[in-house]
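Heads up: the structure comes next, in structure tokens.
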Amino acid sequence: MAPHFIFPRTLPDLEQLPEGNRLCAQNPIDISSLRPSELEEFVKGVSFDLSDKELLCVEEQDVFDRVYSLIRGYSALTPSCKSNLVESLRSNLSVLLPSVDSVSRLSQGQDGDSQVLDRIGSHRNAFKIYTFFLFSVIFAEESTVSTNHNSKVVASSRKKNPINSWNWGLQRGRILGLIANSLEINLALLFGSSDLDENYVSFITRSAYSLFENAMLLKDSETKGALCRIIGACATKYHYLAQSCASIMHLVHKYDFVVTHIADAVADAGKKYADGSLASSLIRELGRANPKDYVKDTSGAENVGRLMVELADRLPKLLSTNIGLLIPHFGGDSYKIRNALVAVLGKLVAKAFKDVEGELSSKSVRLRTKQAMLEILLERCRDVSAYTRSRVLQVWAELCEEHSVSIGLWNEVAEVATGRLEDKGAIVRKSALNLLIMMLQHNPFGPQLRIASFEATLDQYKKKLKELEPDSTLESVPDVVPSGSETGNGDGEIDDSNSEVTQDQHESLTDSSVPNMEENVIQKDSCVPDVGNLEQTRALVASLEAGLRFSKCIAAAMPTLVQLMASSSATDVENTILLLMRCRQFQIDGSESCLRKMLPLVFSQDKSIYEAVENAFITIYMRKSAVETAKNLLNLAIESNIGDLAALEFIVSVLVSKGDITNAAISALWDFFCFNVSGTTAEQSRGALSVLCMAAKSQPEILGSHLPDIIDIGFGRWAKADPLLARTACVALQRLSQEDKRKLLSSNGSRVFTTLQNLVTGFWLPENIWYAAADRAIAAIYMIHPTPETLAADLVKNSLSSVFDSSGGEDLQDEIDGGNATVLTTVQVAKLSRYLFVVSHVAMNQLVYIESCLRKIQKQKVSKEKELAEQTAQVNGTKPGETPKENGISAELGLAASEDAILDTLSERAEKEIVSGSLDEKYLIGHCAPFLLKLCRNFSLMQKYPVLQASGMLALCRFMIIDANFCDANLQLLFTVVESAPSEIVRSNCTIALGDLAVRFPNLLEPWTENMYSRLRDPSVSVRKNAVLVLSHLILNDMMKVKGYINEMAIRLEDEEERISNLARLFFHELSKKGNNPVYNLLPDILGKLSNQNLERESFCNIMQFLIGSIKKDKQMEALVEKLCNRFSGDTDIRQWEHISYCLSQLAFTEKGIKKLMELFKTYEHVLLVDSVVDHFKAIVNKTKKFAKPELKSCIDEFEDKLNKFHMEKKEQEVTARNAQIHQQKIGCMDDISVTQNPKEDKAESETTEEGEVIDSSNEGMSPSENDMSNSGHVDSDECSGASSEVTETEQGDDEDQSPEVSARGTSKSKAKKSNLKAPKSNNSASTRRNTKSNRR
């Protein structure tokens, strides 16, 4: 028999001298020295021997040496030689495997025969040799492939690599498949026991796991399948568990790509051999791991977590029985492991409990296990890590999608999800929104969730329940949905008993809107279907109650969803819009109004947010039917406020330009406007025209086709039915294209202008609508009329004549000068207010008209110059881009600049003439200015008529905007009114006007900056809101410098009005984005100003926390540390110290920042006396310890010890100083008392009196009068010491306090004896003297 073959560690080890009876390579041949032809002949000879001789010939020394030589020099072989060698080895092994059975049958018949044993040994030897050489071929080939691959990556060559004549990938799969097959036969016959040779199994598993490290191999399904079979067979069939688990854990920790393949191998092994020992061993290995190890090895933790999830997905039942080993890892610090455990629980809940077979006891155990897992998932929603909270919510969404959540748990999950909408983590909020979307889509309560419908149906079934149980009360109906058999089948599914009401509950629900279910609800209310017996009815009532609770839970989240739409996170906004769309589909109460609040988001700079709003708008309001689309749009326009209308106008114009709003929808809108649709109201007509005006912004020709209808309907009898229709018609006239305007002037010009003039000067519109309509009418006149100033002059005159007769104007002004208020009894306040509005609005439009004329002239000038340049270029033969020599000379002489200067001069003169007039005279509007000034200065008159004051001040502000001199002269009046006017409307208007004035005349308004900031303290919410908006606009657009009053804006962060607070937050958020973050420079000034104001501590902390949170740069944080620390030395107020230390504690400290804080210890060591200051410094220390490196952590510990040491020293110094002060006060009081005593008293009485004033408890031998005197003396001492007596009482144990009292008591006894001898003789006189002395004191 040939020597035994033992697997070497490496291939060259076979050349070592044999130890004992061991097969080795004794005479290897160096094939590199052979010529190609000789090498090919050599390979053919080896292949011939292997195929021609017996299968066991490989153990012959000569054949073994030659095969070994080829394997050793494998890289030098040509592809054909490799193919011949590999095919010979593989085919011999494949033929050898079936012969194992024949050998086994032979051995059973001839037990103990030496020839049979030798035959078996030879088979075993050959089997091992073939296996070893084939694995060696694989490793040699893969090393060559990887080397070639690396060379391709490092240096690309123009030459193509030589194409192998054989497919190695196919051969590799066949070889590994053959080895895997060899492990699946009964190898115990070869090795003599079920536990194979340790040397063989170790080699096989080591080789398989080594190949598992190559990601390219695992992409080949045949190779991967063979490796998985090898690993499964070795670990499970041949009990190589411990070493396999160790190798698997090593692979998982090191390579992320092996996780799914390892899970496949483990699962396949369990299924093939009906043995889950490998999976159980892996789970035990995972459970035994130290959770702290995963904190450092983050990539390993992630891979281990993925492996747990994959195993739970493939082997849910096995993992559910071993889950207790993994649960303790929930207490670890690695959030990745907790995330994985959460996902594992989700997989188990969904898959491990579907089998309902088995005994009742085992079923109840499984249900309890499932319930425990669900409770853990609910508890994990409050995990400290946002990643884990997010993962839990994702798992709940998966469970809802798979219908694995029972009705009894449904509302708990919904409440958790709505609560997580306010989570500080954006990823948690995103997951919560997605969970709610999934819960709505897969809810078990039906396709519509209106609260009223649920309540009506529930009432009907409660009545039905009463009829079924006449003897019991309604209280027996369970408030909570019962679990188990009453409402579910144990797996979270809904019983069929509820199907009559909640049918289609799990059917597919499309994204389109569900039709209105009112009719169905009415039918259900009128006729309640019979659902069966008492128990089924009770279960249905409980289900309806759960549905009502769910509907209310989602409806209660609407305010939170509105806030999320204003989030700075784009994902929050996008997912909130998706959730609201789903809520609208299920008719959740309040979802429709919330969706309208998304319209302003079309102005968002974030493209994803705009696209989300646009898609939602199209989904909700665009229909296949053009009439439905038109109706949706006009209803939206009717119900929207001013802000929403601006957003609606923007999105409608965009959709019209894109074609999403079709021509058919436009035609349907015209039908609504022209009352061609039956049942159309005046309000709907106005809404249709409003949408058409919006569409005309991108396609002005839309309005030209129905111009007569706009005039007839917009200003006709329907305008009286809906007064806002006239205003909308004016807007339509403004939106006409240039061609349509010319057509209008040529055909219906006089009629239109007469109509507009009547609208302004007439009184047929209501007071509250006339101002808006007149505004648009005057704007339309200036937009359409060729010479609008002539028609505007007539408007002003007609409006003036409507107020009073032409002869009464001067009398009115004289009486106003005299303060006579009775004059307004003859002049209607409403008419005068209208006149002031018309004259001021005409003045403003005249200013805009002058500027537009100037732009037209400049545009014409540029176009003429361009044409002239082109003509000159053609004549002179120069290129159009070249500047002619004459133009260059004109530019040098300044002729072109002089033309621009002339235009600017004319423009300024025209603007000045509007209010101030020329040097000689004033014009129409200028005549009104003195009257307006006298009216506005008459405060007593204005206070009686707030409406008149509003119109007057608005007109005054407009005049000031037009003329700089007029503005400068009346700024004092404007600020007086804005501060003292009783009407908040007047103050709001003036605040807004101040913003316009600051833009137009910044130099004039600059000295009044403090007064503008003071509007932030106005008691009116409206005024404060407008002040925040105005100042935000001015500062963010660099029209006003951020001066030393920005603390007023910071205080608005804590305004009691949430809208104002949000606006202030938005202002500072946008300000922090500008340049180098101005908030960083403003922070110390804001801190100082806020510390001096009477702010509540909570408000101060919230303000500074928000402001500091807007500073993101590390360098700015480090600089702030130094700035704030230096402020400690400049302040002596304890409150200031507390504020500064709080701000320091809010900084995000880096390593440099904490080192800077330690270096500046001298600047704040004197403030460590205050407990609250020290607490803030300790908070800094605790926060920095979390990220500190080991060397920095030791420094932080020293710093913490230093803080504590100085704090204790300062406290001791304070106590010592306080006691010393008390002692000095007592001595001073005793000296004062001794000085004030009567010198005529005898010495004994004097001593007694003196001692009585010090002694409190040592008066046993005194007379009652002496005791009284002692008490009065003690009171006197308290009065002298002031507040220090309180300290003395609380610190009686201190030596400094006790020493004088003890000495006084020591001497008092002897002196008291002397005084007792004299007391009987002079009792009356002494008491009289004491009382007199006490009164004197």
Tell me every residue that passes side chain to side chain contact (heavy atoms under 4.5 Å, CB included) with A263, counting only those two or more places apart in sequence or in another chain. L307, E310, L311, R314
Can you check side-chain hydrogen bond (donor to acceptor under 3.5 Å, both in side chains) on T236 and D275, steps first, answer last? CA-CA 7 Å; T236 305; D275 184 359; 5.4 Å; no
Heavy atoms of other groups near Y387 OH, more than 12 under 6.0 Å: no
Taking the ring centre of each residue, are Y68 and F133 less than 6.0 Å apart? no
For D268, is there an ion pair with K271 - N to carboxylate O distance below 4.0 angstrom? no
Strictly by modelled atom types, are S390 and Q394 linked by a side-chain donor-acceptor pair under 3.5 Å? yes
Could you go through residues 250-262 and list every donor-acceptor pair under 3.5 Å that involves a side-chain atom there, pairing it with any protein atom two or more places apart or in another chain?
| unit_1 | atom_1 | unit_2 | atom_2 | d |
| --- | --- | --- | --- | --- |
| H253 | ND1 | D297 | OD2 | 3.0 |
| Y255 | OH | E213 | OE1 | 3.4 |

May I have the step-by-step check of side-chain hydrogen bond (donor to acceptor under 3.5 Å, both in side chains) for S33 and D30, ending in yes or no? CA-CA 6 Å; S33 62; D30 185 9; 4.6 Å; no
Please step through side-chain contact (heavy atoms from CB on, under 4.5 Å) for the pair S277 and L241, ending with a clear verdict. CA-CA 8 Å; S277 58; L241 277 175; 3.9 Å; yes
Using atom types as modelled and distance alone, determine if a side-chain donor or acceptor of D65 lies under 3.5 Å from a backbone N or O of Q26. yes
Exam field: side chain S83 to backbone P79, donor-acceptor pair closer than 3.5 Å: no
Check the pair D220 / K224 against salt bridge (Lys or Arg N to Asp or Glu O under 4.0 Å), numbers first and verdict last. CA-CA 6 Å; D220 179 23; K224 175 210 162 183; over 6 Å; no
For R338 and G332, the nearest pair of non-hydrogen atoms, with its separation, is NH1-O, 2.8 Å
Using a distance-only test with no angle check, is there a side-chain donor-acceptor pair under 3.5 angstrom linking S69 and R66? no
Please check if any side-chain donor atom of S122 sits under 3.5 Å from a side-chain acceptor atom of E59, or the reverse. yes
Could you tell me if S202 and N199 have a donor-acceptor pair between their side chains, going purely by distance under 3.5 Å? no
E141 vs R172, test: salt bridge (Lys or Arg N to Asp or Glu O under 4.0 Å). Steps then yes/no. CA-CA 9 Å; E141 186 67 35; R172 181 186 58 215; over 6 Å; no
Does K292 come within less than 4.0 Å of D333, counting only side-chain N to carboxylate O? no
Listed partners of N92 passing side chain to side chain contact (heavy atoms under 4.5 Å, CB included), at least two apart: L50, L55, Y130
Evaluate the criterion salt bridge (Lys or Arg N to Asp or Glu O under 4.0 Å) for residue pair E222 and R174; output intermediate values, then yes/no. CA-CA 8 Å; E222 190 175 359; R174 288 176 179 175; 5.8 Å; no
Give a yes or no on whether a salt bridge exists between R72 and E15, defined as a side-chain N under 4.0 angstrom from a carboxylate O. yes
